[in-house]
Each structure stands twice: as C-alpha cells, then as structure tokens.
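Report on the following structure.
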Amino acid sequence: MVRTRFAPSPTGYMHIGNLRTALYAYLAARRNQGVFILRIEDTDQERNIPESVAAIYNSLALAGLAYDEGPDKDGGYGPYIQSERLPIYQEHAQKLLGMGAAYCCFCKKEDRPEGEDVPVRRDPCRLLSPDEIQKKLDSGESFVIRQRIPDEGSTTFTDHVYGEITIEHAQLDDQVLLKSDGFPTYNFANVVDDHLMGITHVMRGQEYLSSTPKYNLLYEAFGWEVPEYVHLPLIIKEDGSKFSKRLGDPSFEDLVKMGYLPAAIVNYIALLGWSPGDDREFFTLAELEKVFSIDRINKSSAAFSFEKLTWLNGEHLRALPLEAFHDLAKAYYPPELDEFDTLKISELLQVRTEKLNQIPDQVAFFADVPDYDINMYVHKKSKSDLETSLTILKGVMPLLADLKTFDNDNLYMLLKSYGKDKGYKTGTVMWPIRTALSGVPATPGGATALAEVLGRTETLNRIQAGIEKLESEMA
RNA sequence: GCCUCCAUCGUCUAGGGGACCAGGACGUAGCCCUUUCAAGGCUAAGACCGGGGUUCGAAUCCCCGUGGAGGCACCA
C-alpha cells in the first residue's frame, strides 16, 4: 500500500514548487490506489503564520488535490498537526538519548560560528561526562538534543529520481533534533511522523538530497524501515533565479487571481519535471492520475514559463463547455454589458481568450465606443479608406434598418451581396462597419457578429455616429 | 571552504549504443484560411557544454574539464 504525504509548513503562501510537490505526491498515491495525507509541519514557533494554514487548504482545494487523511480527516494516524504531537517527539528523543544515538547540548545559539562557509562541526558537548550533564540539567541550563553522527563511514541510499547517492558521515552535522523550546526540528519530526504515519514514499524537494543520510541514520537507530525517496528537481524562473515572494513572484493563488485556471496551472506544473513519454501535453487532473509515473520524473531543474502556461490556459479555456466558460467570464464583464446577450459575447470570446483577466479590455467597447482616430478606417489589406468607408456606411444604413432578421448569418449575407452589387470586396464593406461599431482595431468577432450582439438600434446609432465623425473630420 | 546533484533548440522536453543529417510543444518568422483579432492548417529558423576515452558505431557508457544548482541553522 502506497502512502504519500504533503507536509507543508505554514510559514507563507503556497508557492509553485510546493504545489508541484503536493501534486506529485497526490498523483503517486492515486496512480497506485494509495493514500494521500496532509500533515501540517508547524514546528517553528517564530515563523508560523496562522493565516497560511488557510492558504494551504484553499490551494489544495482549488487544485483539486483531495487528501484522504489530514487534520480535518482522521485516518487513525493523527494528530496531523505537529504542534499537537509534542509528547511523541519527546518520547522518541528520550529513546535516542538512552541508546546513545543522541546527546544533550548546552551550547548557546550565539556560540555557532558565523560566516558563509561554515565547516562541518562536531559539538563540544559530545564529550561531556554523565556527571557533568546531570549537573547542568539540575541547574536548569537550557539545552537541545543533538543527533550523534558517526565520525567514520558513509551512508548510501537510492533515490527514485537521482539514483544511488553516497555521503560521508564526516560531512554531516550533529543536527538538532529537539530545540530548547521543546519543539522538534523539521528533520526529527519528519522522520518520526513519516514512520508513525506509515509513509512509504517520501517526496520532497531536491534540497534535501544531501541531508537524507541523517534521516536514514535516525531510521536505523530506531530500527525502522527506511522509506522510498523521491527527490524532485527545482522549479526556477526563466532567468535562472528562484521564485521569491519578496520579489513579487506569484503564488498559486496569485496565478488564479491573474486569470489562470487552476486546472491549467496543475497541468502545466505537472509537466515541469515530468513528461508522459508521448507528445501529449493537455491533461486534466483525472487524466494525470492515470498516466503519472515516478520513473518519468526528470533530474534537472526546470524554468517556469509564463508564456507556455498562458498558451496551455487558452487550451483549457477552449476545452470548456460554453456554459462553463460563460460562468467564468461573467465575473469579468462590466455591469454595462447586462443589456446585451452576454452568453453570445462569451461565445465570441472563448476562442480568443488566453487569460480571464484580459476580458475587460476585450469587451470594453461593447459598453462604450472609445474616442478613436479617424485613420482607423484606413486598412490596406481590406482596401478600405476614408472615402469608401463613408460611402459604405451611408449605403448600408437603410439596408440594416430594413433587414428582417437581425442576426449574424443574415447580416453577413446582406452585406456580402451589397458588396458584390457595388463592386467591393467583402472586407472593404466589413471594415468600416466593424470600426464604427467598436472603435478598436481588434475585436472578438467580425462586424456582423458585433452587430448581432449590439442589436439593430445600437448598431444603427453607432454607424450614424461613425458617419458623422467621418464627415466632420474629413473636412 | 567542504560535500552532493545537474548539463539536448531561447524555454519545457523525447531520446536510455545503431531506427537521430536528433522528434514534439511554447515562443519567433512566413504562408494558407478569413469579416478585424484570434483559433485552425502548413512551412521555416533553432540544440546534443568542451576534451579525452570505450566501441565496428555514442546525444546515449566512462573519465577530466567547464558551467549551473543545492546543502553544510535551535528554517523547513
């Protein structure tokens, strides 16, 4: 039985790399009919940000990553919040102390050598005699519990992504297991909980690769089975730097606010570091659950491309049923659009929208024709100039007023044959009409589609306004 | 400083000794379609970091170099 977990610490927002770790852990579980667990790692009292727990739940829900066990979903392995498991860590730390695999350290935090190039350190407290330790304990001196790393030898493990890794013990610090405030460190809590919760596959960022032997030493000290490791490559920005909230890089929730569909984001990040092996790129979460496989995860870090995400978002938008797209688009329509058939507008928009938040700009002209330059009537490819525009707008007015059924098909037939009669190519007729109706160079849909949405009255008004503009400004 | 990892088009990637004068996608350019813009179709430019091996044969295996990244906290 495969059991995976997503174990975020509530210290900020859910960034892209976190979400992908969650996604892969989720997919690995689903793919193997396993169990996906959410565990909150709130062991850092200082960095905890209570609101970010809500962000975690929200992001997971948005992404559709449903967990089988978690703080609000007991599966018999709880509690699933580390701050509620303190006695468990205490007990296990004592066990380690008893075995000599750990020791008490009374050094102060400030004693640690400063600087960028900190050498591997063997703590002086290792050498304290039992008497000395007892004396310090009795005097109430604060202390931490450190792991006793063997001086000699090395540890080798096999990672599913990176293969066999060997680290010399001399490279490993005597890391702190239990802090002086009684809280465990990530390193310790993680090992204890992963074992107690029966995690079979530990999925986490590549940054843990070289400290993994410390974890294995702990597993071995307890006599526990070491889990399978799946270390994931980093996600970076296109300039090679890391994502950083400080520099304004968007979180998952930010991306959603920017008009990206959660489904598209999930699809995109699934592809950052993993590929299906064929040329397919469009996947729903349900489809990913069927094809995901750990052994197709890549080793090298991947750059996040907003351009490609935007394209994929467009693909997802277009794949939506019209009604679903409409429901999403509605939120971006200005209130003035209510007088029109917004479903029809959505239909025009769907194939031309890559990001939801571009919609307001795309539809602004429906509410109001902007003040545009008269030269917008000039378009070489359509063989449109000021004179033809004026002539055509005037010539077309009575025909539009008389048209029985004012819809796209009939408008198109009418205007096309008008052009044929007068010796204009269709584009020459359509250009000035579309311009008069919109006042913008690019519109979602052509002249007749816009006219249908605007309706006969508004269409005639706008064309009349166009005629007047041309007449006054051509003089 | 020490340790570990990584290295194919600008970007995401396929490739795991011969099927590769390296395939797909985004982006870019051009053409087609066309009622503007999109969408769609077609085409083009664009990469195996360098050097040594191993082999009949290397993008694929090994070594060295170079470049990049990560780790070395009472942070996770």
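Chain A is the first sequence line, chain B the second, and so forth, proteins listed ahead of strands; every chain is numbered from 1.
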Using a heavy-atom cut-off of under 4.0 Å over every strand shown, decide if A:Thr435 touches base, sugar-phosphate, or nothing.
nothing
At 4.0 Å (heavy atoms only), tell me whether A:Thr43 reaches a base, stays on the sugar-phosphate, or touches nothing.
sugar-phosphate
Using Watson-Crick or G-U wobble geometry with both distances under 3.5 Å, which nucleotide pairs with B:A25?
B:U11
Need one value for A:Gly273: base, sugar-phosphate or nothing, where a base atom within 4.0 Å counts as base even if backbone is also close, heavy atoms only.
sugar-phosphate
Short side-chain N/O contact to B:C74 OP1/OP2 from A:Arg146, under 4.0 Å:
yes
Looking at A:Ser275, does any N or O in its side chain come under 4.0 Å of the phosphate oxygens OP1/OP2 on B:A14?
yes
At 4.0 Å (heavy atoms only), tell me whether A:Phe304 reaches a base, stays on the sugar-phosphate, or touches nothing.
nothing
OP1 or OP2 of B:G15 less than 4.0 angstrom from a side-chain nitrogen or oxygen of A:Arg296, does that happen here?
yes
Every protein N/O within reach of nucleotides 61-66 of chain B N/O, cut-off under 3.5 Å:
none

One thing to verify: whether A:Arg85 and A:Asp42 come together as a salt bridge, which I'm taking to mean a side-chain N less than 4.0 angstrom from a carboxylate O.
no
When you check the phosphate oxygens OP1 and OP2 of B:C3, does a side-chain N or O of A:Lys214 lie under 4.0 Å from one of them?
no
Just to be sure I understand the rule, does A:Val144 reach a base, reach only the sugar-phosphate, or reach nothing, if contact means heavy atoms closer than 4.0 Å?
base
If only side-chain N and O atoms of A:Ser301 are considered, is one of them under 4.0 Å from the OP1 or OP2 phosphate oxygen of B:G70?
no
So with a 6.0 Å cut-off around NZ of A:Lys422, is the heavy-atom count from everything else above 12?
no
Can you find a side-chain donor-acceptor pair between A:Tyr377 and A:Tyr372 that sits under 3.5 Å?
yes
Could you tell me if A:Arg20 sits above the aromatic ring of A:Tyr24, with its cationic atom closer than 6.0 Å to the ring centre and no more than 45 degrees from the axis?
yes
What integer number of Å spans the P atoms of B:U13 and B:A7?
11 Å
Looking for any heavy atom pair under 4.0 Å, which part of the strands does A:Arg280 touch: base, sugar-phosphate only, or nothing?
nothing
When you measure from the side-chain N and O atoms of A:Lys425 to the phosphate of B:U35, is any distance below 4.0 Å, counting only OP1 and OP2?
no
Between B:A7 and A:Lys299, counting only base atoms on the nucleotide and side-chain atoms on the residue, is there a donor-acceptor pair under 3.5 Å?
no
Can you tell me if A:Trp431 is stacked onto the base of B:U35, using a 5.5 Å centroid cut-off and an angle below 30°?
no
Any A:Tyr186 side-chain nitrogen or oxygen under 4.0 Å from OP1 or OP2 of B:C75:
no
A:Tyr332: which of A:Val363, A:Leu356, A:Asp361 passes side-chain contact (heavy atoms from CB on, under 4.5 Å):
A:Leu356
Is the shortest side-chain N to carboxylate O distance from A:Glu315 to A:Arg318 below 4.0 Å?
yes
What's A:Ser180 touching, base or sugar-phosphate or nothing? Going by heavy atoms closer than 4.0 Å.
base
Pick the P atom in B:G27 and in B:A39, then give their distance to the nearest Å.
8 Å
Where at least one partner belongs to residues 307-326 of chain A, residue pairs that pass ring-ring contact (aromatic ring centres under 6.0 Å, His included), sequence neighbours excluded:
A:Phe282-A:His316
